[in-house]
Amino acid sequence: MLSVKLELLAALAAELEKLSPGAGARAAFESPKVAAHGDYACTAAMQLAKAAKQNPRQLAQTLSDALMATPAFTRWVDALEIAGPGFLNVRLKPAAKQEIVREVLSAAQAFGQQPSRSEKLLVEFVSANPTGPLHVGHGRQAALGDALCNLFSTQGWDVHREFYYNDAGVQIQTLTNSTQLRAKGFKPGDDCWPVDPENPASKAFYNGDYIQDIANDFLAKKTVKADDREFTANGDVEDQDNIRQFAVAYLRNEQDKDLQAFNLRFDEYYLESSLYTSGRVDRTVERLIANGHTYELDDALWLKSTDYGDDKDRVMRKRDGGYTYFVPDVAYHIAKWERGFSKVINIQGTDHHGTIARVRAGLQAADVGIPLGYPDYVLHTMVRVVRGGEEVKISKRAGSYVTLRDLIEWTSKDAVRFFLLSRKPDTEYTFDVDLAVAQNNDNPVYYVQYAHARICSVLKAWGGDAATLNTVDLSALEGPQAQALMLQLAKYPDMLTAAAQGNAPHDVTFYLRDLAAAYHSYYDAERILVDDEAVKLARLALISATRQVLHNGLAVLGVSAPERM
């Protein structure tokens, strides 16, 4: 059916070009908002009518007559109907829709994928500071990032997954101080441990029980291993540097376990400290000064970020000589550009919204050839977790938050991924643990996976070789439910392209639920394993194609496609 659409579009472009030179380039079909109106809709007559000084309905009639005389429309179109002020509604012949079955079975796992475009994309996500295990907010970011990487891979991008983490600075010093006090035998509530939330000094301590675990292993002189490091504690409670390195390695190991439970991998872990040790931060600041985009005021160095659309200028170097946090971000993104990534997507919480303008301002002021709008951002809200009708509070400093591993253990990796991807990233989301484990149609991941398993069960009962279905006669697929299912299959490639362009993996979850619904309706309407061999094989080919697209779509989300449930 994709080849059919291309044939029809080519015919439409040719006829539009005859009516108005240059109009052929705008040839397009839309999906009617009401399925009963047809399979495709075309608004070209309304768009051309004003320039042509013609009544749009009359122009639509002229275009309709010309199109129905073309070989492509004669072969594949059952009827062209003029509606409203000049819409052209296209009704395809059953044979046109049946082509999609053969296309899916032929392409298999490659169905919906585009050729390589030889462009590099870096997606930075999770990027949690190594000061605690990953919470469910990080989980939402992990699901978004991995699905976006998979989406862009289907569109031919060379995708690089990157985790950037702060292994220096105030938060790491806080981690070190907290671990050192625990190792010395102190605990939250002691006089040396501030608890007043109004007292800024109280922020210099982490209260979670995991800090005691780190301290205990430090005193035991244990060795910890993470993806990017290994470190052995010396047990000296006065050696802050040793405590710091051990605590960071310990929590990197914890985060690795979270990511492994989520079946998530990264191509690279990029350390903030490397930006300083390599001299990148200093060189970036020197470049901004040399370009004339900074000034000194009140013993601080400022960036003229208002020259690039920011609401106010920003401090780069503070009075004490330290850099503000957006400066290494600018250096980091220059590094991304110099590493050959023409497109970059950062996935961050909505609390990072204020950094966007200043980072982009710094990149433009550096004048290294980076285009406007670089990098792209996908911002997400936090996640509420409800279990047994009660909200589970998330509080990292108190240590009573829900970790990503908690959520996976309560439900499953598949449920966590699908649920966290089922809403737009910037909308509030409540994760209902009880719904995530329910085995009914109200549970969206169960509903989609069950459709896949149901098809596998039918194919197993048939017992034949699915590879032979590629060439069967499909003419028996004429019922309304079969037609609706084939149309849904045909939407998959365009859906992937639009989802990637809009940084919208939630569109994949919506599509899969619609596809599962179309399959369940078809299954309820027509028995598959009938006595008539030709009809049976045609129906088996259709459900085999549906199984393939369900599998492909779930793979984009990082969700399994079980054969039994």
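Asp256 and Gln260 form no side-chain donor-acceptor contact under 3.5 Å, judged by distance and modelled atom types alone. Tyr447 and Asp442 form no side-chain donor-acceptor contact under 3.5 Å, judged by distance and modelled atom types alone. Side chain to side chain, Thr176 and Arg244 fail the donor-acceptor criterion of an N or O pair below 3.5 Å. Judged by distance alone, the side chains of Arg140 and Thr381 do bring a donor and an acceptor atom under 3.5 Å apart. Side-chain atoms of Asn346 and His333 include a donor-acceptor pair closer than 3.5 Å. At a cut-off of 3.5 Å, with distance as the only test, a side-chain donor of Asn552 or Gln548 sits close to an acceptor on the other residue. Using modelled atom types and a 3.5 Å distance limit, the side chains of Asp414 and Gln449 yield a donor-acceptor pair. Checking Gln240 against Gln173 by side-chain atom types alone, a donor-acceptor pair falls below 3.5 Å. Residues Asn177 and Thr174 bring no donor and acceptor atom of their side chains to less than 3.5 Å of each other. With hydrogens and angles left out, the side-chain atoms of Glu230 and Thr223 include no donor and acceptor closer than 3.5 Å. Residues Asp236 and Asn242 have side chains that never bring a donor and an acceptor to within less than 3.5 angstrom of each other.
Between Phe163 and Phe266, the ring planes are perpendicular. Angles over 60° get that label, and only those under 30° would be called parallel. Ring-plane geometry between His452 and His551 is classed as tilted, the angle between the planes lying from 30 to 60 degrees on a 0 to 90 degree scale. Between Tyr332 and Tyr164, the ring-plane angle classifies as parallel under the 30° and 60° cut-offs.
Contact between Gly389 and Asp434 at its shortest, heavy atoms only, is N-OD2, 3.9 Å. Residue Leu288 comes nearest to Gly362 through the heavy atom pair CD2-O, 3.7 Å, listed as atom of the first residue, atom of the second, then distance. Between Gly185 and Asp190, the shortest heavy-atom contact is O-OD2, 4.4 Å. The minimum heavy-atom distance linking Ala366 with Arg287 is given by the pair O-NE, 2.5 Å. Taking every heavy atom of both residues into account, Gln113 and Gln109 meet most closely at NE2-O, 3.3 Å. Heavy-atom minimum distance, Leu407 versus Val385: CD1-CG1, 4.0 Å.
Within 6.0 Å of CD on Glu390 lie no more than 12 heavy atoms contributed by other residues, nucleotides or ligands. Counted within 6.0 Å of NZ on Lys222, heavy atoms from surrounding residues, nucleotides or ligands total 12 or fewer; the atom is thus considered open. Taking a 6.0 Å sphere around NZ of Lys424, one finds it holds 12 or fewer heavy atoms contributed by other residues, nucleotides or ligands. Heavy atoms from other residues, nucleotides or ligands lying under 6.0 Å from NZ of Lys187 number 12 at most. Counting heavy-atom neighbours within 6.0 Å of Glu563 CD, excluding the residue itself, gives a total of 12 or less.
In this structure, His506 NE2 and Thr509 OG1 are separated by 7.5 Å, a value rounded to the nearest 0.5 Å. In this structure, the separation between CG on Asp311 and OG on Ser305 is 7.5 Å, given to the nearest 0.5 Å. Rounding to the nearest 0.5 Å places CG of Leu144 at 5.5 Å from CD1 of Ile347. Here the straight-line distance linking atom CZ of Arg360 with atom CG of Asp376 works out to 6.5 Å at 0.5 Å rounding. Annotation: the span from Ile408 atom CD1 to Phe262 atom CZ amounts to 5.5 Å, rounded to 0.5 Å. For the atom pair CH2 (Trp302) and OG1 (Thr324), the distance works out to 10.0 Å, reported to the nearest 0.5 Å.
At a threshold of 4.5 Å between non-hydrogen side-chain atoms, the residues Arg252 and Tyr165 count as touching. Considering only heavy atoms from C-beta on, Asn503 comes within 4.5 Å of Phe152 through its side chain. The shortest distance between side-chain heavy atoms of Tyr325 and Thr355 falls below 4.5 Å. Put simply, the side chain of Tyr276 reaches to within 4.5 Å of the side chain of Tyr323, judged on heavy atoms. Put simply, the side chain of Val285 reaches to within 4.5 Å of the side chain of Val327, judged on heavy atoms. The shortest side-chain heavy-atom distance between Tyr250 and Thr179 does not fall under the 4.5 Å cut-off. Between Asp406 and Val392 there is no side-chain heavy-atom pair separated by less than 4.5 Å. The shortest side-chain heavy-atom distance between Leu251 and Leu175 falls under the 4.5 Å cut-off.
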I'd like to know whether Tyr295 forms a side chain to side chain donor-acceptor pair (under 3.5 Å) with Asp313, so could you lay out the CA-CA distance, the side-chain angles of the two residues, the decisive distance to 0.1 Å, and finally the verdict. CA-CA 10 Å; Tyr295 60 91; Asp313 291 342; 2.8 Å; yes

One pair to check against side chain to side chain contact (heavy atoms under 4.5 Å, CB included): Asp267 and Arg265. What are the steps and the verdict? CA-CA 7 Å; Asp267 298 305; Arg265 64 170 180 82; 2.9 Å; yes

Are Val559 and Val445 close enough, and set up right, to give a side chain to side chain contact (heavy atoms under 4.5 Å, CB included), and what steps lead you there? CA-CA 9 Å; Val559 175; Val445 67; 4.2 Å; yes

Full working for salt bridge (charged side-chain N to carboxylate O under 4.0 Å, His left out) between Glu124 and Lys336: CA-CA 10 Å; Glu124 179 206 329; Lys336 290 179 180 179; 2.7 Å; yes

Mind running side chain to side chain contact (heavy atoms under 4.5 Å, CB included) on Thr497 and Gln114 for me, showing each step along the way? CA-CA 9 Å; Thr497 298; Gln114 304 301 317; 4.2 Å; yes

What do the steps show when you test Leu372 against Tyr308 for side chain to side chain contact (heavy atoms under 4.5 Å, CB included), and what is the final call? CA-CA 10 Å; Leu372 288 170; Tyr308 300 95; over 6 Å; no

Would Arg405 and Glu254 count as a salt bridge (charged side-chain N to carboxylate O under 4.0 Å, His left out) here? Give the steps. CA-CA 10 Å; Arg405 249 182 296 164; Glu254 286 296 304; 2.9 Å; yes

Would you sort out whether Asn443 and Gln439 count as a side chain to side chain donor-acceptor pair (under 3.5 Å), showing the intermediate values? CA-CA 7 Å; Asn443 179 346; Gln439 296 190 358; over 6 Å; no

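A donor-acceptor contact shorter than 3.5 Å is absent between the side chain of Gln155 and the backbone of Ser116. The backbone N or O of Gln488 sits less than 3.5 Å from a side-chain atom of Tyr511, completing a donor-acceptor pair. Formation of a donor-acceptor pair under 3.5 Å by the Lys413 side chain with backbone atoms of Gly558 is found in this model.
Under the 6.0 Å cut-off for aromatic ring centres, Phe186 and Trp193 do not qualify, their centroids lying 6.0 Å or more apart.
A salt bridge is absent between Arg283 and Glu286: the closest approach of a Lys/Arg side-chain nitrogen to an acidic carboxylate oxygen does not fall below 4.0 angstrom. A salt bridge is absent between Asp329 and Arg358; no separation between the charged side-chain nitrogens and carboxylate oxygens falls under 4.0 Å. A salt bridge is defined here as a Lys NZ or Arg NE, NH1 or NH2 lying under 4.0 Å from an Asp or Glu carboxylate O, and Arg280 with Glu272 fails to meet this definition.
Taking the centre and axis of the six-membered ring of Trp410, the NZ or CZ atom of Arg387 falls inside the cone set by 45° and 6.0 Å.
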